[in-house]
Amino acid sequence: SKVLKIRLGLEKNTNSSKTKMHMSYYFGSLHELVVFPFWKPDNTAQTILTCFVAIILVILLQTIKIYRQKCLGLPDFDFSQTDTSVSAILLDKNHLLSSFLLFLQHFLSYTLMLAAMLYNLWLILSICFGFMLSHWVSPFMFRTRSTDERLLVDEEENVTQENLEE
């Protein structure tokens, strides 16, 4: 129908042969391709599943980002200050792992960006919820010993403060 084609941005412009894209948010089922040819939700249940997949992808993206920062924490190499060879740095297993994870991180980022460009508000809200959820749990992801010690010190200070107030 013409209404569905306009809503999905498929209505041809009468002045040219270019296809018009919808550029405003909309609620409802997707009924369109989401990033990959095999990912095309056609009903409400599949749209809801797509939203959950988007949340999981965001959490995976943030997990990779936090893992690279906290666990791999690679220093910036200053070649003028070190005797380490370039090949030793490039073939370092942590550097190789970080490079591969950076590839995955950016691939997921661009995939989520393309999904957001569908302007489906349910999908965009799911992506934002995924970022909020992963930020909320991030203090507990890949905790290091210093983080645990800092939390214990903070807890002891709170107990001491409570005892002083009594």
Side-chain angles (χ1 to χ4, degrees), residues 4 7-10 19-79 82 84-155 158:
L4 181 61
R7 182 172 176 198
L8 295 177
L10 300 174
T19 303
K20 291 168 70 174
M21 298 283 298
H22 61 92
M23 300 294 281
S24 61
Y25 293 120
Y26 69 95
F27 281 98
S29 296
L30 284 166
H31 298 294
E32 55 191 313
L33 186 80
V34 180
V35 184
F36 298 107
F38 59 84
W39 192 357
K40 187 174 187 220
D42 288 324
N43 57 39
T44 303
Q46 291 175 349
T47 298
I48 292 169
L49 181 62
T50 297
C51 291
F52 279 112
V53 168
I55 292 169
I56 291 168
L57 288 176
V58 170
I59 292 171
L60 179 62
L61 168 69
Q62 292 299 95
T63 301
I64 291 170
K65 180 180 173 184
I66 291 168
Y67 179 78
R68 284 186 63 248
Q69 290 172 344
K70 287 189 175 181
C71 296
L72 294 178
L74 300 173
D76 292 331
F77 294 107
D78 184 2
F79 292 108
T82 184
T84 308
S85 70
V86 173
S87 62
I89 293 170
L90 292 177
L91 297 176
D92 178 66
K93 72 174 188 164
N94 282 342
H95 185 69
L96 288 170
L97 177 61
S98 179
S99 298
F100 177 73
L101 290 175
L102 182 66
F103 168 82
L104 286 177
Q105 180 182 332
H106 285 288
F107 178 78
L108 287 172
S109 284
Y110 282 112
T111 300
L112 289 164
M113 178 199 60
L114 287 172
M117 288 175 61
L118 294 174
Y119 294 100
N120 181 287
L121 207 47
W122 293 123
L123 191 54
I124 291 173
L125 290 173
S126 298
I127 291 169
C128 291
F129 178 76
F131 277 112
M132 186 270 313
L133 185 62
S134 61
H135 177 75
W136 183 56
V137 299
S138 67
F140 305 104
M141 297 172 91
F142 308 112
R143 286 170 46 174
T144 61
R145 182 178 208 144
S146 62
T147 305
D148 291 339
E149 290 170 359
R150 189 171 55 245
L151 290 174
L152 284 174
V153 169
D154 289 344
E155 187 175 305
N158 288 338

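Taking the six-membered ring where the residue is Trp, Phe107 and Phe36 present tilted rings, their angle falling between 30° and 60°.
Within the model, atoms CZ of Phe129 and CH2 of Trp136 stand 8.5 Å from one another, a figure rounded to the nearest 0.5 Å. Atom CZ in Phe140 sits 12.0 Å away from atom CD1 in Ile66 (nearest 0.5 Å). To the nearest 0.5 Å, the span separating SG on Cys51 from CD on Gln46 amounts to 12.0 Å. Interatomic distance, Leu101 CG to Leu96 CG, rounded to the nearest 0.5 Å: 11.0 Å. Taking CG of Leu104 as the reference point, atom CZ of Arg68 lies at 10.5 Å (rounded to 0.5 Å). Interatomic distance, OG of Ser126 versus CD1 of Ile56, reported as 11.0 Å (0.5 Å rounding).
Nearest heavy-atom pair across Gly130 and Ile55 is CA-CG2, 4.1 Å. Considering all non-hydrogen atoms of both residues, Ile127 and Ala115 come closest at CD1-CB, 4.4 Å. The nearest pair of heavy atoms linking Tyr26 to Leu118 is CE2-O, 3.3 Å. Of all heavy-atom pairs between Lys70 and Pro139, the closest is NZ-O, 4.4 Å.
Under the side chain to side chain contact (heavy atoms under 4.5 Å, CB included) rule, Ser29 has a single partner from Asp42, Asn43, Thr47, Asn120, which is Thr47.
Between Cys128 and Met132 the shortest side-chain heavy-atom distance does not fall below 4.5 Å. The closest side-chain heavy-atom distance from Val34 to Pro41 is below 4.5 Å. Between Leu125 and Tyr25 the shortest side-chain heavy-atom distance does not fall below 4.5 Å. For the pair Ile59/Val137, no side-chain contact is recorded, criterion being any heavy-atom separation below 4.5 Å from C-beta on. Side chains of Leu61 and Leu57 form no contact here, defined as non-hydrogen atoms less than 4.5 Å apart.
Remark: side-chain polar atoms of Ser98 are not paired, donor with acceptor, to backbone N or O of His95 under 3.5 angstrom.
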